[in-house]
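Convention: sequence-line order gives letters A, B, ...; per-chain numbering from 1. All of these numbers come straight from a predicted model, not from anything done at the bench. Just so you know, these numbers use all the heavy atoms, side chains as well, and skip hydrogens, waters and symmetry mates.
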Number of protein chains: 2
Amino acid sequence: MFRRKGYDTTTLKDIGALAKIRAPAIYYYFSSKEQLLEEILNIGIARIHDAVQEAVDNLAAGSSHRVRVETAIRAHLTALLQHSDYTAANIINYNLAPRAIRARHLARRESYADCWRDLLQRAQDAGEIGPSVDVNLLRLFLLGALFWTHEWYGKDQEPIEVMAEKLSAMLFGGIGGRLQE
Amino acid sequence: MFRRKGYDTTTLKDIGALAKIRAPAIYYYFSSKEQLLEEILNIGIARIHDAVQEAVDNLAAGSSHRVRVETAIRAHLTALLQHSDYTAANIINYNLAPRAIRARHLARRESYADCWRDLLQRAQDAGEIGPSVDVNLLRLFLLGALFWTHEWYGKDQEPIEVMAEKLSAMLFGGIGGRLQE
DNA sequence: GAAGTTTTCTAACATTAGTTAGATTTCAAA
DNA sequence: TTTGAAATCTAACTAATGTTAGAAAACTTC
């Protein structure tokens, strides 16, 4: 519900209705509506972080860095678009969350960012990403492109594997055509 | 205020305080709080659309398509990050806006998307973007990367011109290093 | 300065939400 | 069956919000 209607518009009565209890019964499990939000934000990051981490860890030891990056992209998109309402809820509600919650949550976002920092830095150190590339900026733009998919991806779109492969190809190979240089 | 605190959290009293009037006086100018939101969403898109359109139109007639794309990127980032609280407010509040407002607003978003569709398609037709590139997907990912900057861009970051140039270079040239193929 | 319009104000309403208190039910164990 | 804990309920409170009605002030124009 936080994903569809947002935190403020969703009432405890609504949530209770979905859980087949009355609003006050929620307080048996959560101490406040804000705590509910915080836990959902946390689950949202955890889902996507775990999915990406696991997918990369499960690769064969000798896999190229390009394959590792493409795998991470695919895992991120799959977790966000197919498996986790929590992650989408996180994206939509984070900016409007109370300052205190946002502050506490930031560490978890940073930890996920580290995951990508590591991935891209190793790829550059190994020479699979050019030395002139600003990997920090690359990471910010890439993650932006990935997170933003929740704004436009619909059930009628291409399969996620195809999208991941195309994005990876555009990035590593470049989009420039014959007239490029 | 819609940008910082979001639509629901911002009260008409708050807005009035900023405008040095009491809440009911707002109704002399707007018929409801929702209309206020709708107008702000519209301004947000208009600002960024106009900025990009104008920047591209002002280029010399013979400019390469790569330059045109880079110019559009720079204009988008400048409008979003430096000139328009409205655009940032749009991004943050769009998903939580009432369905009716979102529906009406969609046409304007599509119109901005057309602007980019055109830009990229011409570049591909001219051969400056490779024939194998899915320009539709490219546009979606690229605009995602651009819009998402509002999540992380801070005053202490690199100048926008540099960011635009680096992104354009990564896209057209690719990030692949020596070991790539 | 009077008349009329524009703008803002005060007062109040209706509704609603998150939350608390305390009673009641449900359920498992002895 | 009894007992005690776990889970949910009803009732009520408090506070706040968008909105309306109508009076007052501010400003413009003749």
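Taking the side chain of Lys33(A) as heavy atoms from C-beta on, and the options dG18(D), dT8(C), dG18(C), the nearest nucleotide is dG18(C).
Identified under the side-chain hydrogen bond (donor to acceptor under 3.5 Å, both in side chains) test for residues 21-32 of chain B, with sequence neighbours left out: Ser31(B)-Gln35(B).
The CZ atom of Phe30(A) sits 16 Å away from the P atom of dT20(C) (whole-angstrom rounding). The distance from atom CD of Gln35(A) to atom C1' of dT19(C) is 14 Å, rounded to the nearest whole Å. Tyr28(A) has its OH atom 21 Å from the C1' atom of dG18(C), to the nearest Å. Between the OH atom of Tyr27(B) and the P atom of dT7(C) there is a distance of 18 Å, rounded to whole Å.
Listed by chain and number, the residues in a side chain to side chain contact (heavy atoms under 4.5 Å, CB included) with Pro131(A) amount to none (sequence neighbours excluded). When the side chain to side chain donor-acceptor pair (under 3.5 Å) test is applied to Arg102(B), no partner is found at least two apart in sequence or on another chain. In terms of the side chain to side chain donor-acceptor pair (under 3.5 Å) criterion, residue partners of Ser168(B) (sequence neighbours excluded) are, by chain and number, Glu70(B). Considering only residues two or more places apart in sequence or on other chains, Ile40(A) meets the side chain to side chain contact (heavy atoms under 4.5 Å, CB included) condition with Phe2(A), Tyr86(A), Ala89(A). For Ala23(A), the side chain to side chain contact (heavy atoms under 4.5 Å, CB included) test picks out Leu12(A), with sequence neighbours left out. With sequence neighbours left out, the side chain to side chain contact (heavy atoms under 4.5 Å, CB included) criterion links Asp125(B) to Gln121(B).
Within the cation-pi definition used here (under 6.0 Å to the ring centroid, within 45° of the axis), Arg117(B) does not qualify as a partner of Tyr112(B).
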Base-pair string, DNA chain D, Watson-Crick plus G-U, cut-off 3.5 Å on both distances, | for inter-strand, is ||||||||||||||||||||||||||||||
Sugar-phosphate means primed atoms, P, OP1 and OP2; the rest is base. With that split, encode nucleotides 9-15 of chain D 5' to 3' as B, S or - using protein heavy atoms under 4.0 Å.
SBB----
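Other cluster members for Ile92(B): Ile92(A), Leu96(A), Leu96(B), joined by side-chain heavy-atom distances under 4.5 Å among Ile, Leu, Val, Met, Phe, Trp and Tyr.
Near DNA chain C, defined here as any heavy-atom distance below 4.0 Å, there are no residues from residues 5-16 of chain B.
Tyr29(B) comes within 4.0 angstrom of sugar-phosphate atoms only, judged by non-hydrogen atoms across all strands, and of no base.
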Please set out all donor-acceptor pairs under 3.5 angstrom arising from side-chain atoms of residues 140-154 of chain A, sequence neighbours excluded.
{"from": "Thr149(A)", "atom 1": "OG1", "to": "Leu146(A)", "atom 2": "O", "distance (Å)": "2.5"}
{"from": "Glu151(A)", "atom 1": "OE2", "to": "Asn95(B)", "atom 2": "ND2", "distance (Å)": "2.7"}
{"from": "Tyr153(A)", "atom 1": "OH", "to": "Glu158(A)", "atom 2": "O", "distance (Å)": "3.0"}

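Contact detail for Ile129(A) and Phe172(A): the closest heavy-atom pair is CG1-CE2, 4.1 Å.
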